[in-house]
K.L.:
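Shown below is the structure under consideration.
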Amino acid sequence: MASDRNTPEFALERAATRFVRVLLDDSGSRVFDYGVPEGVAVSPGCRVRVPVRTRTLLGTVLEVTDYSEARGIRMVSEVLRSDAGMNPALLKLAAWMADYYCCPLELAMRAVLPQVIRKSEMTHQQRQRVRLVQLPEEAALAALEKKAPLQAAALRALAQAGEPVSVAELARTTDASHAVVRALEKKGLVRVEMERVERDPFRNEEFVSSPALALNAEQGVVFARVCASLEPLAEGAPAPKPFLLHGVTGSGKTEIYLQAIQLVLQQGRSAIMLVPEISLTPQTVERFKSRFAAQQQEVAVLHSHLSEGERHDQWHQIRSGRAKIVIGARSAVFAPLEKLGLIVVDEEHEPSYKQEESPRYHGRDIAVLRASMERCAVLLGSATPSLESFHNVKQGKYELLQIRQRVDDKKMPFIRIMDMRNESKKQGGIISSRLMTAIEQRLAKREQTILFLNRRGFSTSLLCEKCGHVCSCPNCSVSLTFHKAANRIVCHICGHLALAPSKCPECKDPGIRHQGTGTERVEEVVQKLFSKAVVKRLDADVLQRKEAFRETLSAFRTGKIDILVGTQMIAKGLHFPNVTLVGIINADMGLHIPDFRAGERTFQLLTQVAGRAGRGDVEGEVFVQSYTPFSPSIQFARHHDFEGFWDQEISFRQEWDYPPFTHMVLISVRSPHQARGELSAQTLAKSIADGAPAGLFIGEPAPAPLEKSHGEFRFQLVLRTRTVQRLSRHLRGVLDKLKFPEDVRVSVDVDAYQLL
Ligand code: ADP
Ligand code: ZN
């Protein structure tokens, strides 16, 4: 047992004069006091191994004190190496999150310190390499060839390489298994050596350095403001005000981020660049890696598709100070950098910054908070700022910076709205006749087209025309989506999947019909219409193959694809100069849903997708297809009118006392038993109302819009407040006291984004 190895160092019975308050891993939020042996260095954030009954467990030091009221105190068994722990600033951040988001501290800590670091004292991976020692004489080799052809082949390959080769590589090129290598080693023909390697997901790539561009006038003004806030702060001076950079798509915001980060590095400080997960494309990473390649600056990359080993190594690269720039998705806001100078949050309006499981933190809000705690600059950027951030500008909390022109005065794309009510239903009403003509023109000119639809699959549901039966999920209250290539019907909520029926499962009538359209169908229809064009699709289904994303994007970039059909995956951040046409197949999709942000999201999505067009020398054109063409979100997006949109949206929010005027807290109650769930939701609502802080609005407990999911019935309760922390504490008190039936699960989402 590990503890046997570690305990003897410390005398257990010795009276301690220093104590630590330790939060144990994976044990709710239990905190215990332990004594610290004489001469052992320990500070808040340190990871320790401590005795609990007969075992030893890992935990995090919250506090170091010189007294403890606990009785029967035991001593800390081991303090782990300091680079396995959290720095105190991050510890403070975790505590704040637990308090604000009403979640156990232990969960908040898990978000801040990656599991792979917490769990392991895993060292760098040891990779085996084979070194050729001697090649037997030709005769002996010929004999070997007869008896053990694989061994001989491996030897010849090694001789040819003339340098050490990894075992894995040898296995790839010659079929030499580990057994073959071991046999050769036994005969003394090769030597196996262990080598320490860093697992770097970009290890096979070269980055050509790209120098900073000369900023244009508008960029220059913005950059100067940002630089001013990067000046070292005087003692006791407050943190600089956060910036909100509102710059249209293609206005050169990223260039400003790059140059600001450059400056921060020159000051010997570090920077975090947050981007939404889906725009963390190879293209984005490459742009950063190549800018800083010349200065030999390591750029660490953090996102959710790293292997455990890669995440481990990237984290240590940051923690050790070797990488001073971190680019990553939401959780990169917790990167353990020291001397932080700047945090950039690109596309700050993106809902994907919100984590949808506890702790349900918002990456942008945490960025602003961390910046204020560490007194560094923070720059939020977007072509379509969130109502929350723009409201903060109006309140004087953020400073607004603006870029109104695209780089090189490139024109904003021209947006046409197609009223689909007037279109023939020939192609299932998928492509309007004018969009069709526009695609034809692009094909003739060898320019590229993007077609956007935010729903994967072939059709959204299968409907029997005779009896009206719709194939729906047994676990969730949604219809099953038909996926044609796989000939399956799939639930997009829980993943339930079944063979697609050829006749109605209910009345056995063969007249089963597709309703609604997904990307797979768009791809098929478009391919039929333009049989000579190369049409490819990019959505979560295609992405099941890991390399598909990179391959498709690079094929598109090099002009090997004429028409790219995709979901929101292709809506953000991509820069393809030869794309002159964007078609939005159905702009209404996200509009008519029971979410007060529906209008805001539609405006943002349309603007972002439209922004993919005309980024090169030719002006772009965008076709927006809609059955409700006069919706304000569509009309404001059409006219590139953010301020107009803001004015009308903010008065709607004010009228209803919705965010950003209040914070919305969503409490969900789930249970496989409908009645039990409902009753629990009602009990909860009453208990919350009891002694609630002043000014709290409590809605009626009601079934969630998605009433059933994963086999559970869902009820929800919406709260609105101006003072989150007070409410969170009240909620925690209520939840600690209430005892729900075992199969009832309750979760709290502060500043909720997902209301369905
Ligand atoms: P945004 O982030 O606002 O969408 P980007 O920073 O991606 O805009 O800029 C769009 C394109 O313009 C990129 O290809 C970028 O290299 C180029 N660009 C940005 N700033 C300049 C500049 N000052 N001079 C020339 N090209 C620029
Ligand atoms: Zn389901």
Side-chain angles (χ1 to χ4, degrees), residues 210-224 226 244-262 273-276 279-281 283-288 290-291 327 344-350 379-385 401-413 457 460-461 470-481 488-498 557 571-579 607-617 620 640 642 670 672 706-714 756:
S210 70
L213 303 169
L215 298 178
N216 65 29
E218 274 197 301
Q219 282 174 316
V221 173
V222 168
F223 186 60
V226 175
L244 175 64
L245 170 55
H246 175 208
V248 297
T249 53
S251 59
K253 296 186 289 296
T254 311
E255 185 59 35
I256 294 174
Y257 306 152
L258 286 165
Q259 298 198 15
I261 291 172
Q262 172 105 47
M273 169 84 203
L274 292 187
V275 299
S279 57
L280 191 55
T281 57
Q283 215 180 349
T284 318
V285 173
E286 194 179 298
R287 212 162 152 191
F288 277 77
S290 30
R291 177 59 57 89
I327 173 166
V344 177
V345 184
D346 192 28
E347 315 274 17
E348 65 85 24
H349 64 280
E350 258 295 309
L379 173 58
L380 315 178
S382 175
T384 51
L401 306 171
Q402 281 183 298
I403 313 183
R404 295 177 181 279
Q405 297 290 325
R406 281 186 155 183
V407 169
D408 286 342
D409 288 331
K410 289 206 176 81
K411 288 216 187 71
M412 292 303 286
T460 28
S461 59
V470 174
C471 296
S472 49
C473 178
N475 314 317
C476 310
S477 52
V478 293
S479 57
L480 295 171
T481 303
R488 293 277 189 285
I489 40 179
V490 181
C491 173
H492 283 189
I493 303 287
C494 75
H496 170 88
L497 122 186
R557 182 154 31 156
K572 315 278 157 65
L574 300 177
H575 182 78
F576 298 112
N578 199 33
V579 172
T607 308
Q608 294 289 343
V609 182
R612 298 311 113 219
R615 293 172 76 96
D617 298 330
H640 309 285
F642 175 78
R670 279 167 296 173
L706 178 65
E707 285 182 46
K708 198 179 166 203
S709 137
H710 298 80
E712 290 182 315
F713 293 89
R714 306 164 78 237
L756 300 181

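In each ligand, atom 1 is the first atom listed, and ligand 1 is the first ligand listed.
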K.L.:
Assess the side chains of Thr249 and Arg406: does a donor N or O sit below 3.5 Å from an acceptor N or O?
P.N.:
yes
K.L.:
Apply side-chain contact (heavy atoms from CB on, under 4.5 Å) to residues Arg557 and Phe576 and explain how you reach the verdict.
P.N.:
CA-CA 6 Å; Arg557 182 154 31 156; Phe576 298 112; 3.8 Å; yes
K.L.:
Looking at Arg291 and Glu255, is any side-chain nitrogen of the basic one under 4.0 Å from a carboxylate oxygen of the acidic one?
P.N.:
yes
K.L.:
Name the residues with a heavy atom less than 4.0 Å from ligand 1?
P.N.:
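Ligand 1 is contacted, at a heavy-atom distance under 4.0 Å, by Leu213, Ala214, Leu215, Asn216, Gln219, Val248, Gly250, Ser251, Gly252, Lys253, Thr254, Glu255, Arg287, Val407, His575, Arg615.
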K.L.:
How many protein atoms of type N/O/S are positioned less than 2.8 Å from the Zn ion (ligand 2)?
P.N.:
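Under the 2.8 Å cut-off, the count stands at 4.
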K.L.:
Excluding sequence neighbours, so at least two apart, what forms ring-ring contact (aromatic ring centres under 6.0 Å, His included) with His246?
P.N.:
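For His246, the residues satisfying ring-ring contact (aromatic ring centres under 6.0 Å, His included) (neighbours in sequence not counted) are Phe642.
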K.L.:
Rounded to the nearest 0.5 Å, what separates atom NE2 in His492 from atom OG in Ser479?
P.N.:
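Nearest 0.5 Å value for the NE2-OG distance: 9.5 Å.
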K.L.:
Side chain of Lys411, backbone of Gly620: donor and acceptor closer than 3.5 Å?
P.N.:
no
K.L.:
Will you find, in the side chains of Gln259 and Gln219, an N or O donor that is under 3.5 Å from an N or O acceptor?
P.N.:
no
K.L.:
In this structure, which one of Asp346, Val344, Val345 forms a side chain to side chain contact (heavy atoms under 4.5 Å, CB included) with Glu348?
P.N.:
Val345
K.L.:
Go through the structure and list residues passing ring-ring contact (aromatic ring centres under 6.0 Å, His included) with His640, not counting sequence neighbours.
P.N.:
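Residues passing ring-ring contact (aromatic ring centres under 6.0 Å, His included) with His640: none at all.
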